[in-house]
S.K.: 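Let me begin by handing over the structure; questions about it come next.
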Amino acid sequence: MRTHTCGELRPEHVGAEATLCGWVNTFRDQGKALVFIDIRDRTGMTQAVFDQEDCDEEVMKMARSLRREDVVQVEGLVELREGGINKKLDTGMIEVRGSGVRVFSRANNPPILPDDHETTKISEEARLKHRYIDLRRPSMQRMLQMRHDLAMLTREYFHALSFLEVETPLLIKSTPEGARDFVVPSRIYPGKWYALPQSPQIFKQILMVAGCDRYMQICKCLRDEDPRADRQAEFTQIDLEMSFVDRDEILRIMTGFVRRIFKHLLGLDLGTIPRMPWREAIDAWGSDRPDMRFGLNLVDISEIAGQTDFKVFNAALAKKDGVVKAIRIPASADRLTRKKLDMLQETAKTHGAGGLPWTKVTDQGFEGGIAKFIDGVADELSAVLQVEPGDTILMACDSWLTACESLGQVRLHVARELDLVDTTAWKALWVVDFPMFRWSEDKQRWLSEHHPFTAPLDADLEKLETDPGSVVSAGYDIVLNGSEIGGGSIRIHDPEVQQRVFKILGLGNAEQRTKFGFLLDALQQGAPPHGGVAFGLDRLVMLLTSTDNIRDVIAFPKTQNGADLMTEAPGPVDDAQLDELQIRCLEKVAAE
RNA sequence: GGGGCGGUAGCUCAAUUGGUUAGAGUCCCGGCCUGUCGAGCCGGUGGUUGCGGGUUCGAGUCCCGUCCGCCUCGCCA
């Protein structure tokens, strides 16, 4: 049906007869005797010109009738352009001198147009509703290509390392330890339910017990939680697991993978990827996924702050684990207006801090904000923070984790506000040595920082019951430019350790059997030491395509209410379907 | 579940303190033009101002409710 694609033709093709198929991107009708048609497909765009002198009246009439997004076939001779080259097009040196045209289908006044220069102008709502048009735009086609290239690269890389691609089930048992499960009713067992997988975690571990040795899968994961700009309820994961490995070996292979991705897809060398203990990440960067493209590190000023009479500081320091942290924003005194400081204070409050003590540095010392409270320690504080006139000092005081994390969020906001992020930089790191457990005041019990199958470090095994809060896990996350792109751990392969961990998480023996009996049984039938990683494919593509909207890297994404605007899912089902499942909705029951 | 912003023509937006027949660009339709390329010029179709109430002589504008979209907190082992 076609001899070339729309992005293919170059001066070397001049003289050839070409037949192109695609969509009418634009038409430029110059009068009865001359019309230009830009014909577009996934690969690009080519200008076709229909001249009365070259083709008969019927062809001319048909060419002039073409409108945006009609689907056509154009045939003609490839020639160098008569009217000057178009540098914006890869095919801008040539044009096809049309001798024939055929219309496959007409577009009925398209509700949106797939021009890249229109993308930001059109509401996302309209784009999602008419995704079949939206996906035609070149930037969206590049995204689809990038996803494909990443998937191919992934399979090549892990295939070469003897990983086996295995599919795991979608209809599984609900074990709601983490996120909320999507559930699916069972017809054969009325009243019983499947869950859709939040991840293939347990299956890949069982594949290790089953002797698979090395497993990989590009799979969908589903979590029934509210979406965000960088999060969808349904997302894609590059899932990996390996037997007979320690943490160093996993990190080596996965570092190689990530470096390969960015080298091949962006021509970028990420270099060696350093490791940072979790405690250091929180302490110096205020986040377990630090964005290291800019400084503004957190400095502990607890000791100096303790010498002041500032009640806010003293109250915080009296807390268990209480600290005062500060960041120095260089040359910002004029730019951080009172209004902006107020906004930053809201950020701090949103993330758990009571407020955002601040002051500015002038030639005469500290001025503004809490300056009068720190007068007595001005010299020491200046020395520790290495202040310069024009700096702004932002502070947080609370328990260590809260103070660090809230100031860490302020750090991100102020960097964005003052444009301090080096957007040309790529900073990757492995965050390691996470705590094994986190105490939940809410639930009054320990929760897994990672998941319940993560192994503790061998050295900390004996502290499991006596001091769970201090146990360090064998988990790790890989972070790129402040975005968590993957994470994993060495898993527990000793059933006894697994039971001890379950117990700390508040799972009694009976509950362990009900929820994870099959895992415990498996671990007792010869489980190799194993561990793995899962990479967020959508997040990777976001970084590869420089977008901060996850919906821009998914062909058919859902809205914040979990709706698909194109198909209008979720929708109702027939009563007959419900009857078969022996399900009744409460409203209907009430109505009967 | 909480907070914030938004919803006017197919699309993107405007409409003074509440005041005439809700405008413009674009798409689409028709006409003109032989070298355009985000073509140009002329004319035209197109509206229950998301939906439902209320206040008022009068509501796109004010109030209440509701639905939808985006951002965000909670949530996301």
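Lettering of chains follows the sequences in order, A, B, ..., and the numbering in each one begins at 1.
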S.K.: Once you round it to whole Å, what is the distance between C1' of B:C73 and NZ of A:Lys349?
M.R.: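 These atoms are roughly 15 Å apart.
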S.K.: What integer distance in Å separates A:Asp226:CG from B:G2:P?
M.R.: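 Rounded to the whole Å, the gap is 12 Å.
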S.K.: A:Asn561 near the nucleic acid: base, sugar-phosphate alone, or nothing, with a heavy-atom cut-off under 4.0 Å?
M.R.: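 Sugar-phosphate, no base atom in range.
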S.K.: How is A:Gly84 classified with respect to the nucleic acid when contacts are heavy atoms under 4.0 Å: base, sugar-phosphate, or nothing?
M.R.: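 The answer is base, as A:Gly84 lies within the cut-off (heavy atoms under 4.0 Å) of a base atom.
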S.K.: Check every strand shown and say whether A:Arg81 touches a base, only sugar-phosphate, or nothing at a heavy-atom separation below 4.0 Å.
M.R.: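 If one applies the 4.0 Å heavy-atom cut-off, A:Arg81 turns out to touch a base.
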S.K.: Considering every strand and a 4.0 Å limit on heavy-atom distances, what is the contact class for A:Thr26: base, sugar-phosphate, or nothing?
M.R.: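 The residue A:Thr26 makes sugar-phosphate contact but no base contact.
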S.K.: Check every strand shown and say whether A:Glu125 touches a base, only sugar-phosphate, or nothing at a heavy-atom separation below 4.0 Å.
M.R.: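 It contacts sugar-phosphate atoms only.
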S.K.: Base, sugar-phosphate, or nothing for A:Glu53, non-hydrogen atoms under 4.0 angstrom?
M.R.: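 Base: the residue A:Glu53, judged by heavy atoms under 4.0 Å, touches a nucleobase.
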S.K.: Hey, does A:Glu95 reach any base, or is it just sugar-phosphate, or nothing, if we go heavy atoms under 4.0 Å?
M.R.: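 Since a base atom lies under 4.0 Å of A:Glu95, the category is base.
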S.K.: Please work out whether the ring planes of A:His451 and A:Phe453 are parallel, tilted or perpendicular, with thresholds of 30° and 60°.
M.R.: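 Plane angle between 30° and 60°, so tilted.
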S.K.: So what does A:Arg127 hit on the nucleic acid, given a heavy-atom distance under 4.0 Å: a base, only sugar-phosphate, or nothing?
M.R.: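 Since no nucleic acid heavy atom lies under 4.0 Å of A:Arg127, the category is nothing.
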S.K.: Rounded to the nearest angstrom, tell me the gap between atom CG in A:Asn109 and atom P in B:C28.
M.R.: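 Taking atom P of B:C28 as the reference, CG of A:Asn109 is at 6 Å.
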S.K.: For B:G23 and B:U49, measure between their P atoms and round to the nearest Å.
M.R.: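 Per the computed distance, 14 Å lies between those P atoms.
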S.K.: Taking CG from A:Leu113 and C1' from B:G10, how many angstroms apart are they, rounded to a whole number?
M.R.: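 After rounding, the reported distance stands at 10 Å.
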S.K.: Any base atoms under 4.0 Å from A:Ala33, or only sugar-phosphate, or nothing? Heavy atoms, all strands.
M.R.: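 Counting heavy atoms under 4.0 Å across all strands, the contact made by A:Ala33 includes a base.
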S.K.: Using a heavy-atom cut-off of 4.0 Å across all strands, would you classify A:Arg228 as base, sugar-phosphate, or nothing?
M.R.: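 Base, at least one base heavy atom under 4.0 Å.
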